[in-house]
Asks: 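Pasting a structure here, questions to come.
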Amino acid sequence: MPLASARDLREVSLTEAEYRRIVELLEREPNDLELGIFGALWSEHCGYKTSKRLLAALPSGGRAVLQGPGENAGAVDIGNGLAAVFKIESHNHPSAIEPYQGAATGVGGILRDVFTMGARPIAILDSLRFGPLGIPHNRYLFQGVVAGIGGYGNCFGCPTVGGEISFDEGYSDNPIVNAMCVGIVPHGRLRRARAEQAGDIVLLVGAATGRDGIHGATFASVEMDSTSAARRPAVQVGNPFLEKLLCEACLQLNELDDVVAIQDLGAAGLTSAASELAHRGGRGVEIDVAVVSRRERGMSAYEVMLSESQERMLVVVRPDGEARARAIFDAFELHADRIGTITPQQRLRVREGRALRADLPLRALIDAVPLRTPAAMAPVRRAVEVALPLDDPEDALLAMLRRPNLRSRRPVYRTYDHQVQNNTVLGPGGDAALLRVAGTSSGLALTTDGNPWYTSLDPYAGTQAAVAEAARNIVCTGARPLAVTNCLNFGNPERPQVFWQLRESVRGLADACRAFGLPVVSGNVSLYNETSGRNIPPTPVIGMIGLLEDLDRRCPSGFQEDGDVICLLGETREELAGSEYARLQGAPLQGLPPRVDLDAERRLQGALLEVIHEGSVRSAHDLAEGGLLVGLAEAALFGRHGVRCPALTGQVSAAALAFGESQGRVLVSAPPRRVPDVQKVMAAAGVPVHALGVVGGDELQVGPAVRIRLDRLREAWECAWDTP
């Protein structure tokens, strides 16, 4: 049987075995366009061929779930007849090549995923990883990505309210750029992208089609090397002002009963969008590329079908509703091409005028993606005890606050508009963002979390820690965790150790979400984050939303009133492996990460919600990276109130007591008269309570060893971002 050339297969990221399978399914050889279509839809990015079996283990149902995985985004009930629609996705490879546009179009794509569901976007969050800023190229990537996120979100008019940034040598040349979007829609207007009736009309709306982004999906499904810069044309170019018009038009279209489906053109462009909405509805689709508006001359059918030009949507309408849909497009000065129809046969047919360019069964394209289970090999690990000295706690604390992974993120998030739409109650910088749900008394708490050092040591426990920390951050605002979206960023899964990391991480995610009763309603997998043979650290990122039914019961992170008693909830153990303090001391990354006790976490969080809602505590701050002294400093700086504590004592070393990162711990402050109430609730839940000191003064004082004025703490914490 003749085969396509190795060069042809490499161009579309297909193996020889996959090509043979395509020939078997078609009972003929595919032409160039058909091969490109298979390459896109069978790519790792679109087909999930390495991760689909693993992801099936994730819990995705529940009473609040209105839409689970399989659509553009997930949706959960938040009361008052409203749904929260949300998802997180990656744009790692494009951002490594063109950081501004890579990040900007990542934001644009996740916004479209939400408003295609009929929801108005109300918030953007991000999760970013870079190499050390002392390396000029890493600084270039960092500055470009931050500018791209702010540039797109600010121009579109959606607040960027939260996120996280961390730095590690493992991300040099291969940054992680994950963007999350949350929107709100009435239940009755929640839109699914599925075309179920033959004869309906397919309209392509928005930007004209160009050559940018061709092979973007396959580019995101291979490792990078010294030649990757030549793939710059695979990076899309965004226009946030056009996207804003498209959003408003789509939200108005959502009010028309004649509009039956709206689908974003993201990865694989027209190919993926048309195929997926038809396949979901059990139908087919016929496209005429000759009528697609283009901004470049001489584009072939191949280029039109695989372009990933931004700000484009497919809209499926009933024939008698086309005029009403076009009236909305005209009102927003949007161009719309009538490019095809929904057909009864479950096939993708591509015409160029009268010429038939491709004719493919959708089941082969979407259902027959060849799944694979690579070999998995666990590394040899030793449960090494990490013992570290603590000679000068005061100098160590100032050094910790200056660390790129702990210093204030204000220089970054002040470039983002986090107040636009006027719904932000708690903005970036705290444990989680909190937004009011317009027209109600309730709020949504939002966060993204992940720790690549924990997952490097143990991907199962590290991923559980990410879920637990995200839930704690939500609870610290007073909100109840509702649901999860995830972005699983890993290296080359063809390497046995990397596939083992991915498998263990998904297992940890599934077990933690079941323990907390949290459905995973959407997500993304980004593999092949490898540059010239160097894989990134395993980086699962957890996006989580929570519901606070009464915003008056919200809880800030910072200390609020002089004289309040500061209490530590939870247990501190001898756990320094993977900690920021260990990195400060130059310790190798070895040992076991902090232990995650899901039952203890669940009891802590339930009891914390109770004391917050009873008004027994005035502040709550999760202890995570940096440990207890860093947490005390942060809460003091957040609230602009000092701290007076006697010397810290415990059954662990001085370093673990001050800077260990044991899980399941929260700092709270309470009026003296309410401390017995806190102790009673915690005792009933089996949660240890340790009184540490009181709020007051203008310095952080912890025993005789630490006495630092708040202005000096702030100077260290807000040091310049251009320092390594």
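Heavy-atom basis, side chains included; hydrogens, waters and symmetry copies ignored.
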Asks: Side chains of Asp597 and Gln663 only: does a donor on one sit below 3.5 Å from an acceptor on the other?
Replies: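 On atom types as modelled, these side chains do not qualify, holding no pair under 3.5 Å.
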Asks: Got a second to check how far Leu444's CG is from Ile122's CD1, nearest 0.5 Å?
Replies: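 Spacing of CG (Leu444) from CD1 (Ile122) equals 5.5 Å.
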Asks: Nearest 0.5 angstrom please: Asn178 CG to Cys487 SG, how far?
Replies: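 Separation between the atoms: 3.5 Å.
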Asks: Hey, mind stepping through Arg618 and Phe559 against side-chain contact (heavy atoms from CB on, under 4.5 Å) and telling me if it holds?
Replies: CA-CA 7 Å; Arg618 276 202 263 253; Phe559 298 138; over 6 Å; no
Asks: What's the spacing between Glu71 CD and Leu190 CG if we round to 0.5 Å?
Replies: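 One finds 8.5 Å between CD of Glu71 and CG of Leu190.
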Asks: Is it true that Glu89 and Lys87 make a salt bridge, defined as a side-chain N closer than 4.0 Å to a carboxylate O?
Replies: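 Here Glu89 pairs with Lys87 in a salt bridge, since their nearest N and O are under 4.0 Å apart.
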Asks: Heavy-atom distance under 4.5 Å between the side chains of Val260 and Gln197, does that happen here?
Replies: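 Result no, sub-4.5 Å side-chain heavy-atom pair not found.
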Asks: Nearest 0.5 angstrom please: Arg436 CZ to Leu548 CG, how far?
Replies: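 Here the interatomic distance stands at 12.0 Å.
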Asks: Scan side-chain atoms only and decide if Ser166 and Arg129 contain a donor-acceptor pair under the 3.5 Å cut-off.
Replies: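 Present: a donor and an acceptor within the cut-off.
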Asks: Can you confirm whether the side chains of Asn92 and Ser526 place a donor and an acceptor under 3.5 Å from each other?
Replies: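 Short answer, yes.
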Asks: Of the non-hydrogen atoms in Phe332 and Leu245, which two are nearest, and what is the gap between them?
Replies: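 So the minimum-distance heavy-atom pair works out to O-CD1, 3.6 Å.
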Asks: As a quick check of understanding, evaluate side-chain hydrogen bond (donor to acceptor under 3.5 Å, both in side chains) for Thr116 and Asp264, giving each step before the final call.
Replies: CA-CA 7 Å; Thr116 57; Asp264 163 42; over 6 Å; no
Asks: Please determine whether the number of non-hydrogen atoms from other residues, nucleotides or ligands lying under 6.0 Å from atom CG of Asn422 exceeds 12.
Replies: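 No, CG of Asn422 has 12 or fewer neighbouring heavy atoms, counting only those of other groups under 6.0 Å.
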Asks: Kindly determine whether Val666 and Cys476 satisfy side-chain contact (heavy atoms from CB on, under 4.5 Å), including the steps that lead there.
Replies: CA-CA 8 Å; Val666 174; Cys476 281; 3.9 Å; yes
Asks: Assess whether a salt bridge exists between Glu243 and Arg112, defined as any Lys/Arg side-chain N lying under 4.0 Å from an Asp/Glu carboxylate O.
Replies: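 Yes, Glu243 and Arg112 are salt-bridged.
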Asks: Which heavy atom in Gly631 sits nearest to a heavy atom in Leu623, and how many Å separate them?
Replies: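 Where Gly631 meets Leu623 most closely, the heavy atoms are CA-CD2, 3.7 Å.
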Asks: For the residue pair Asp550 and Ser441, confirm or rule out a side-chain donor-acceptor distance under 3.5 Å.
Replies: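 Note: Asp550 and Ser441 side chains miss the donor-acceptor criterion.
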Asks: Does the side chain of Val596 reach to within under 4.5 Å of the side chain of Val467, using non-hydrogen atoms?
Replies: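 Sidechains of Val467 and Val596: no contact.
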Asks: Could you go through the salt bridge (Lys or Arg N to Asp or Glu O under 4.0 Å) check for Lys680 and Asp677 one step at a time?
Replies: CA-CA 5 Å; Lys680 180 179 178 181; Asp677 299 329; over 6 Å; no
Asks: So, the side chain of Asn489 versus the backbone of Thr539: is there a donor-acceptor pair under 3.5 Å, distance only?
Replies: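 Confirmed, Asn489 side chain pairs with Thr539 backbone.
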Asks: Would the distance check show the side chain of His279 and the main-chain N or O of Ile366 forming a donor-acceptor pair, the cut-off being under 3.5 Å?
Replies: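 No, because the side chain of His279 does not come within donor-acceptor range (under 3.5 Å) of the backbone of Ile366.
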Asks: Does either side chain, that of Thr448 or that of Ser127, offer a donor lying less than 3.5 Å from an acceptor on the other one?
Replies: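 Their side chains do not contain a donor-acceptor pair, so the 3.5 Å distance test is not met.
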Asks: Ignoring hydrogens and angles, state whether a donor on the side chain of Arg192 or Gln67 is under 3.5 Å from an acceptor on the partner side chain.
Replies: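 Yes, because at least one side-chain N or O of Arg192 sits under 3.5 Å from a partner of the opposite role on Gln67.
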Asks: Any ion pair linking Arg280 and Glu196 (charged N to carboxylate O, less than 4.0 Å)?
Replies: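 Arg280 and Glu196: not salt-bridged.
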Asks: Please check if the number of heavy atoms outside Gln421 that lie under 6.0 Å from its CD is greater than 12.
Replies: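 Enclosed: over 12 neighbouring heavy atoms sit under 6.0 Å from CD of Gln421.
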Asks: First locate atom CG of Asp622, then atom CG of Asn473, and finally report the distance between them rounded to the nearest 0.5 Å.
Replies: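 So the CG of Asp622 and the CG of Asn473 are separated by 4.5 Å.
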Asks: Taking the side chain as every heavy atom from C-beta outward, state whether Val695 and Ile566 have any pair of such atoms under 4.5 Å apart.
Replies: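 Sidechains of Ile566 and Val695: in contact.
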Asks: Does Lys52, at its NZ atom, have more than 12 non-hydrogen atoms belonging to other residues, nucleotides or ligands within less than 6.0 Å?
Replies: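 Yes, enclosed.
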Asks: For the pair Glu469 and Arg472, find out whether any cationic side-chain nitrogen is under 4.0 Å from an anionic carboxylate oxygen.
Replies: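 Here Glu469 does not pair with Arg472 in a salt bridge, since their nearest N and O are not under 4.0 Å apart.
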Asks: For residues 246-257, dump all side-chain donor-acceptor pairs below 3.5 Å to protein atoms at least two apart in sequence or in another chain.
Replies:
from   : atom 1 : to     : atom 2 : distance (Å)
Glu248 : OE1    : Arg120 : NH2    : 3.0
Glu248 : OE2    : Arg120 : NH1    : 2.8
Glu248 : OE2    : Lys244 : NZ     : 2.9
Asn254 : OD1    : Arg191 : NE     : 2.8
Asn254 : OD1    : Arg191 : NH2    : 2.9
Asn254 : ND2    : Arg189 : O      : 2.8

Asks: Less than 4.5 Å apart, any side-chain heavy atom of Arg194 and any of Gln263?
Replies: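 Not in contact.
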Asks: Heavy-atom distance under 4.5 Å between the side chains of His641 and Gln560, does that happen here?
Replies: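 Result no, sub-4.5 Å side-chain heavy-atom pair not found.
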Asks: If you apply the rule side-chain contact (heavy atoms from CB on, under 4.5 Å), what do you find for Arg553 with Leu551, and how did you get there?
Replies: CA-CA 5 Å; Arg553 293 180 173 180; Leu551 273 172; over 6 Å; no
Asks: Are side-chain heavy atoms of Leu82 and Val185 found at a separation under 4.5 Å?
Replies: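 Not touching, per the 4.5 Å side-chain cut-off.
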Asks: With rounding to the nearest 0.5 angstrom, report the CG to NE2 distance, Asn154 to His418.
Replies: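 Answer for the CG-NE2 pair, Asn154 versus His418, is 10.5 Å.
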Asks: Please evaluate residues Thr447 and Asp431 with respect to the criterion side-chain contact (heavy atoms from CB on, under 4.5 Å), reporting the C-alpha separation (whole Å), side-chain torsions for both, the decisive distance (0.1 Å), and the verdict.
Replies: CA-CA 8 Å; Thr447 189; Asp431 290 293; over 6 Å; no
Asks: Just one of Asn524, Val541, Val521, Leu58 clears the side-chain contact (heavy atoms from CB on, under 4.5 Å) bar with Asn486, so which one?
Replies: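 One option only clears the test, and that one is Leu58.
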Asks: Mind listing the closest non-hydrogen atom pair of Leu125 and Gly163 along with its distance?
Replies: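 Shortest heavy-atom separation between Leu125 and Gly163 comes out as CD2-N, 4.3 Å.
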Asks: Using every non-hydrogen atom in the two residues, find where Ala432 and Leu426 come nearest and quote the distance to one decimal.
Replies: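 Looking at all heavy atoms of both residues, the closest pair is O-CB, 4.2 Å.
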Asks: Checking the side chain of Thr415 only, and the main-chain atoms of Val412 only, is there a donor and an acceptor separated by less than 3.5 Å?
Replies: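 At least one qualifying donor-acceptor pair exists.
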Asks: Looking at Asp599 and Arg602, is there a salt bridge between them, counting it only when a charged N and a carboxylate O are closer than 4.0 Å?
Replies: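 Salt bridge flag = yes for Asp599 with Arg602.
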Asks: So do the side chains of Val630 and Glu634 get within less than 4.5 Å of each other, counting heavy atoms only?
Replies: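 Heavy-atom side-chain distance check passes, below 4.5 Å.
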Asks: Testing the basics here: between Val420 and Cys158, what is the closest heavy-atom pair and its distance to 0.1 Å?
Replies: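 Between these two residues, the closest heavy atoms are CG1-C, 3.7 Å.
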Asks: Should we count CZ of Arg514 as having more than 12 external heavy atoms under 6.0 Å?
Replies: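 Check passes, neighbour count above 12.
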Asks: Is the closest side-chain heavy-atom distance between Val316 and Val259 below 4.5 Å?
Replies: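 No, too far: nothing below the 4.5 Å cut-off.
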Asks: As a quick check of understanding, evaluate side-chain hydrogen bond (donor to acceptor under 3.5 Å, both in side chains) for Asn451 and Glu625, giving each step before the final call.
Replies: CA-CA 9 Å; Asn451 187 307; Glu625 289 83 358; 3.2 Å; yes
Asks: For a quick test of reading the model, state the closest non-hydrogen atom pair linking Val205 to Ala336 and the distance between them.
Replies: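 Looking at all heavy atoms of both residues, the shortest contact is CG2-CB, 4.0 Å.
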Asks: For Phe156 and Phe115, take the angle between the two ring planes, folded into 0 to 90°, and tell me which bin it lands in: parallel under 30, tilted 30 to 60, perpendicular over 60.
Replies: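 Ring orientation of Phe156 relative to Phe115: parallel.
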